[in-house]
Amino acid sequence: MKIYNTLSKKKEEFIPIEPGKVRMYVCGPTVYNLIHIGNARPMIVFDTVRRYMEHKGYEVNFVSNFTDVDDKIIKKAIEEGVEASVISERYIAECKKDMEAMNVKPATSHPLATNEICGMVEMIESLVEKGHAYQAADGTVYFRTRSFKEYGKLSHKNLEDLQGGSRSLLVSGEDQKEDPLDFVLWKPKKDGEPYWESPWCKGRPGWHIECSVMSKRYLGEEIDIHAGGEDLVFPHHENEIAQSEAANGRTFARYWMHNAFLNIDSKKMSKSAGNFFTVRDISEKYDLQVLRFFMLSAHYRSPLNFSGELMEAAKNGYERIVTCVANLNYLLEHGASGDLREEEKALAGEAEGFLEKFDAAMDDDFNTADGISAIFELVKFANTNANENSSAGWIRALKEEILQLSDICGLIVEKKEELLEADIEKLIQERQAARKAKNFARADEIRDQLQQRGILLEDTREGVKWKRV
């Protein structure tokens, strides 16, 4: 497996720190509003990376934070006349709904910045003691950028070039800095803002220190993969490296992965341009599985253009897979029987080739575009080689392979219609009649049929009870 490492600017063979295990950190959203489709791209991309790692047998410790204290959160809280925590809790819940709708798996840990303040204070104290940070007169603590000799190694910028463009690093109090390139680790509170106690002043952390501390706590001082959007390379990830390696005295992350930007109709997404879309906006027109399919239809390091025309193409592509699976289910439900026949075994070997092609694409820096092409080839193969004369064993094998590859991409391609309560009750009555007639095979068949549709039966003294699972 090869991963393009932003740090080295080349593809490298993936070798985990600990055999069989992957420690992966992905920068999560700042929760002051509904997530937009730009937020969705890294969520979908790195969820797919995680799924593929698990498919290859790795145990993945996947951490993605929520930034729940920030100027934008505070501004919205003041506008609504509520505590900042009310805003962040609201939009964390909404974000999780959107993630579930996109079939993004919950992280192993979803740490909140506000729960990790003590760790941030401790890391800042360590940086001050080691001479990498200093306190200004008003209590602001700055990182001494030039004290970290390798600063710029991720973004491939040198300090001289940065000197002229240092405005992107400024937060407040430029006149207090020893050097314009220094950045904030801790800042004093302002009226109406949430704050925490610290050795320097009542205040709150700078943005960059959050991920350094949360990554260390949940994954250790050195991790395998750190990921996020390419807009985070500089200054956020560059500053994370400086803080973490200066504090811990060791490599922070071995592999750095960054997805490219998402444009809207070939333009940068912005509210002022009227081309700003939340995931919730898209869900009103499309199944969010279509959005996921669209995001994976291009390589994650390639810029992706979002448009109505391209979403329609993604919808058609996604439905090709869904339709194929539905057709295979129809064959299974309408007479297909028996195990794999001798003449079908050669076809089964041919079908395995599509799995190998998929793995080869994903092993090459997670090339989901080519991976989806392999799924399409498998779908075409299934449409050609499965019919009413095929054995159930062959049809089931084809279906399982399509489902397996789709699931690695996080695509739900087997649509299960939810049974109405009247239909459930009717099947339960039929099961009861079968049991009374001692037709236990039919009774078990109905129970299994309901279970496959997410209905769990419980036989009690009061009768049969059921619930959806």
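Between Asp70 and Trp207, the closest side-chain pair of non-hydrogen atoms is not below 4.5 Å. Contact check for Leu112 versus Ile92: side-chain heavy atoms found under the 4.5 Å cut-off.
Under the ring-ring contact (aromatic ring centres under 6.0 Å, His included) criterion, His299 pairs with no residue at all, not counting sequence neighbours. Scanning for ring-ring contact (aromatic ring centres under 6.0 Å, His included) contacts around Tyr32 gives an empty result, with sequence neighbours left out. In this view, Ala434 and Asn439, Arg442, Ala443 satisfy the side chain to side chain contact (heavy atoms under 4.5 Å, CB included) rule, not counting sequence neighbours. In this structure, the side chain to side chain contact (heavy atoms under 4.5 Å, CB included) partners of Ala369, at least two apart in sequence or on a different chain, are Asn367. For Tyr91, the ring-ring contact (aromatic ring centres under 6.0 Å, His included) criterion is met by no residue, not counting sequence neighbours. Applying the salt bridge (charged side-chain N to carboxylate O under 4.0 Å, His left out) rule to Glu18 yields the partners Lys21, Arg23; only residues at least two apart in sequence or on another chain are considered. Annotation: ring-ring contact (aromatic ring centres under 6.0 Å, His included) contacts of Tyr300 (sequence neighbours excluded): none. Remark: Lys2 pairs with Lys11, Glu13 by the side chain to side chain contact (heavy atoms under 4.5 Å, CB included) rule, at least two apart or across chains.
Counting only N and O atoms by type, the side chains of Asp370 and Ser373 include no donor and acceptor under 3.5 Å apart. Side-chain contact of Lys216 with Asn248: a donor-acceptor pair under 3.5 Å is present, judged by distance alone.
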Show me the donor-acceptor pairs within less than 3.5 Å that the side chains of residues 347-361 make with the rest of the protein, sequence neighbours left out.
| residue | atom | partner | partner atom | Å |
| --- | --- | --- | --- | --- |
| Lys357 | NZ | Glu377 | OE1 | 3.0 |
| Lys357 | NZ | Glu377 | OE2 | 2.6 |
| Asp359 | OD1 | His55 | NE2 | 3.2 |

Side-chain donor-acceptor contacts of residues 116-124 below 3.5 Å, not counting sequence neighbours, with atom names and distances?
| residue | atom | partner | partner atom | Å |
| --- | --- | --- | --- | --- |
| Glu116 | OE1 | Arg217 | NH1 | 2.8 |
| Glu116 | OE2 | Arg217 | NH1 | 3.2 |
| Glu116 | OE2 | Tyr218 | OH | 2.8 |

Table please: side-chain donor-acceptor pairs of residues 321-329 below 3.5 Å, with sequence neighbours left out.
| residue | atom | partner | partner atom | Å |
| --- | --- | --- | --- | --- |
| Thr323 | OG1 | Glu319 | O | 2.7 |
| Asn327 | ND2 | Thr323 | O | 3.4 |
| Asn329 | OD1 | Lys399 | NZ | 2.8 |
| Asn329 | ND2 | Glu414 | OE2 | 3.0 |

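Identified under the ring-ring contact (aromatic ring centres under 6.0 Å, His included) test for residues 424-455, with sequence neighbours left out: none.
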